[in-house]
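Along the sequence shown, residues carry numbers from 1. We count ligands from 1, going down the list as the structure has it; atoms in each ligand are counted the same way. Only heavy atoms go into these numbers, but all of them, side chains included; no hydrogens, no water, no symmetry mates.
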Amino acid sequence: MSYETMHRESIEQPEKFWAEQAKAIYWHKQPEQILDYSKPPFRRWFVGGQTNLCYNAIDRHLAERADQAALIAISTETNTRKTYTYADLYREVNTFAAILQTLDVGQGDRVVIYMPNIAEAVFAMLACARIGAIHSVVFGGFAAHNLALRIDDAQPKLLICADAGMRAGKVIRYKPLVDEACAMAKNAPPKVLIVSRGLDADLTTIAGRDKDYHALKSSHEGREVPVAWLESNAPSYLLYTSGTTGKPKGVQRDVGGYAVAMALSMRTVFDVGPGQTMFTTSDIGWAVGHSYNVYGPLIVGATCILYDGLPIQPDAGIWWQICAEYGVRSMFSSPTAIRVLKKHDAAFLKQYDLSALKYLFLAGEPLDESTASWIGDGIGKPIIDNYWQTETGWPTLTLLPGLELKKIKLGSPGLPNFGFNARVINEVTGADAAPGEKGVLTFVPPLPPGCMSTIWNDDERFLRSYFSHFKELLYSSLDWAIRDEDGYTFILGRTDDVINVAGHRLGTREIEESVATHASVAEVAVIGVRDELKGQVPIVFATLKIGSLEAAGKHDAAIGMQQRVVDLLGGIAKPAHVYIVNALPKTRSGKLLRRSLQALAEDRDPGDLSTLDDPAALEDVRAALLRGS
Ligand code: ATP
Ligand code: MG
């Protein structure tokens, strides 16, 4: 069936479409009703069906692929590589589930997981899923304050942490952060399970509360824990959005709908099936990590690679070495990560045999044309942009290479995925924007399976945040977009990032794209700052490619960037100023913190910086603003 036919059916006859897709997973009890949409925009998929994510990810595959690799955990921080077969994974997860039970964790209880990208984090997630506990993975390395906020929101029975993580060879102690967060939190968990890798020589424990994973493991080894069969709409996990625009929201996911969406997207989007290998470079603390480091690949019986380390460690060729060695078929990363590589020699892209690799998928933020071309030329593979959100759980705009690769249009993540009835709406009139006209990207509810059920404990915030923006009941992505004649969507930036120059509304994305076409530019952020005459003017912060020019050339580079914008977009968009910095402030998930840049440029307080990755980057921006260049 063609994409067009399938997509039409998914919108016009959703129950027929999803009943068919539901066959891809194992149901302990078949659903009684495919869709319950009696309380819009809330919807329940596969009502009355019983299933389990862990069973679908592991048990179901044992008969055919017990000895096949399920998880390959690679750390270039600790210099370790370990392969777990499906049989190994079954054993590890059962043992972990038995430990959870002795720690009094049961169905519906929340468990906070605060760990680096290591195999035990995956065991912990799947063990929770096995017994019906609701995991909430918090990005390891988030400060105590971030962790405390998430603890208070989820009210966990247990927190699972590593003793420490590592970054660029430096040990980052987690346990003191956990202790601090628990002291700050009003709803601190009664128990903490520590997975120690012997990285923290000064590890201290609190008697009665803290438990040692390895000690418990030896006494529970070999235990088998029966699967908890859950109603399809029971919560499976909570995941907080990255907090790029403000206070993170606890996205609540279900069980059955999510499993079905994972199975479908692995096939049609990522083109990875049983026995094939996927390498997703994300941290498990993000939505991509949940869906395509863990659940997606395992649900379809594939092999997933979990990577802990920097993309340039020991050198900028490491990811391609991994692709070559393990015969990776689909790789999934982010534009930010590729821009890190782009600062290094392109020769690193050509050192290894990438014949098994079919696609490189990128998501998480706008993929600019220069980055896409650089990596596409470098590895000689199609670069597949895809757009989604923590809220949606899986790609909403895609080119569906697993079904039939649609024509790639640089700058566009592609066409609406199945079940996503996308509309671009004019903010002012509330009517559909014409092709080529800017508007807000929305989806007509009911949202398809896999998307969030609600915001944890806050249905009201769910409605207010996503469904209250237009006269019609529409899910707002809060992103600004244009759709072309062929139905391709181009994302222009977040609705709160729009720059208004003398009444002209410009997307930060358009200007960034133009600046990025300058040969020396590695990374760029454009923001609007107050201007007495024009209301707002765009200003540019850019980093340059390593070795691209001497300090004396900075001035020329700045003028060159302004000229690129004038040439491509016209004088109205000309940046009032260009600042060249060593690093741009980003969230831990690699997204530009434009809100903080703008505050600094307007001499305001930069606001909540708890998700900021590298404080030095902000200092650098401050210095550049003072310097004036
Ligand atoms: P918060 O919602 O807490 O402010 P966030 O929106 O950064 O944080 P995520 O859910 O991780 O949290 O990111 C989703 C957003 O990332 C999208 O709404 C969009 O702005 C951006 N994005 C993701 N993929 C793409 C893409 N392929 N092209 C352009 N933008 C993208
Ligand atoms: Mg968001």
Practice prompt. Run the numbers on Y488 and K407 for side-chain contact (heavy atoms from CB on, under 4.5 Å), then give the verdict.
Written response: CA-CA 10 Å; Y488 280 68; K407 186 176 146 215; 3.6 Å; yes
Discussion item. Pairs of nitrogen or oxygen atoms closer than 3.5 Å, one from D385 and one from ligand 1: do any exist?
Written reply: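 Indeed, backbone or side chain, D385 has an N or O that close.
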Fill in: Polar contact flag for D479 and ligand 1 (N/O pairs, less than 3.5 Å)
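Among all N and O atoms of D479, at least one is under 3.5 Å from an N or O of ligand 1.
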May I ask you to list the atoms of ligand 1 that are less than 4.0 angstrom from any heavy atom of [X]?
X: T241; result: 1 (P), 2 (O), 3 (O)
X: N386; result: 24 (N), 26 (C), 27 (N)
X: K591; result: 7 (O), 9 (P), 11 (O), 13 (O), 14 (C), 15 (C), 16 (O)
X: E365; result: 22 (N), 23 (C), 24 (N), 25 (C), 26 (C), 27 (N), 28 (N), 29 (C), 30 (N), 31 (C)
X: W388; result: 14 (C), 17 (C), 23 (C), 24 (N)

Worksheet item: Is ligand 1 less than 4.0 angstrom away from at least one heavy atom of G364?
Response: yes
Worksheet entry | Any P366 heavy atom less than 4.0 Å from ligand 1 |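 Heavy atoms of P366 do come under 4.0 Å of ligand 1.
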Item to complete: Please determine, by modelled atom types, if S333 and T281 share a side-chain donor-acceptor pair under 3.5 angstrom.
Response: yes
Fill in: Between N146 and Y240, a side-chain donor and acceptor under 3.5 Å
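Side-chain D/A pair, N146 to Y240: absent.
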Worksheet item: Do NZ/NE/NH1/NH2 and the carboxylate oxygens of K586 and D613 come within less than 4.0 Å?
Response: no
Pairs of donor and acceptor atoms involving the side chains of residues 410-422, under 3.5 Å and at least two apart or interchain, shall be tabulated with distances.
from	atom 1	to	atom 2	distance (Å)
S412	OG	G414	N	3.0
S412	OG	T489	O	2.6
N417	ND2	P395	O	2.8

Practice prompt. Spell out, as yes or no, whether a donor-acceptor pair under 3.5 Å connects the side chain of H518 to the backbone of S514.
Written response: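 No, because the side chain of H518 does not come within donor-acceptor range (under 3.5 Å) of the backbone of S514.
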Worksheet item: Can you check whether D271's main-chain N or O pairs, donor with acceptor, with R329's side chain at less than 3.5 Å?
Response: yes
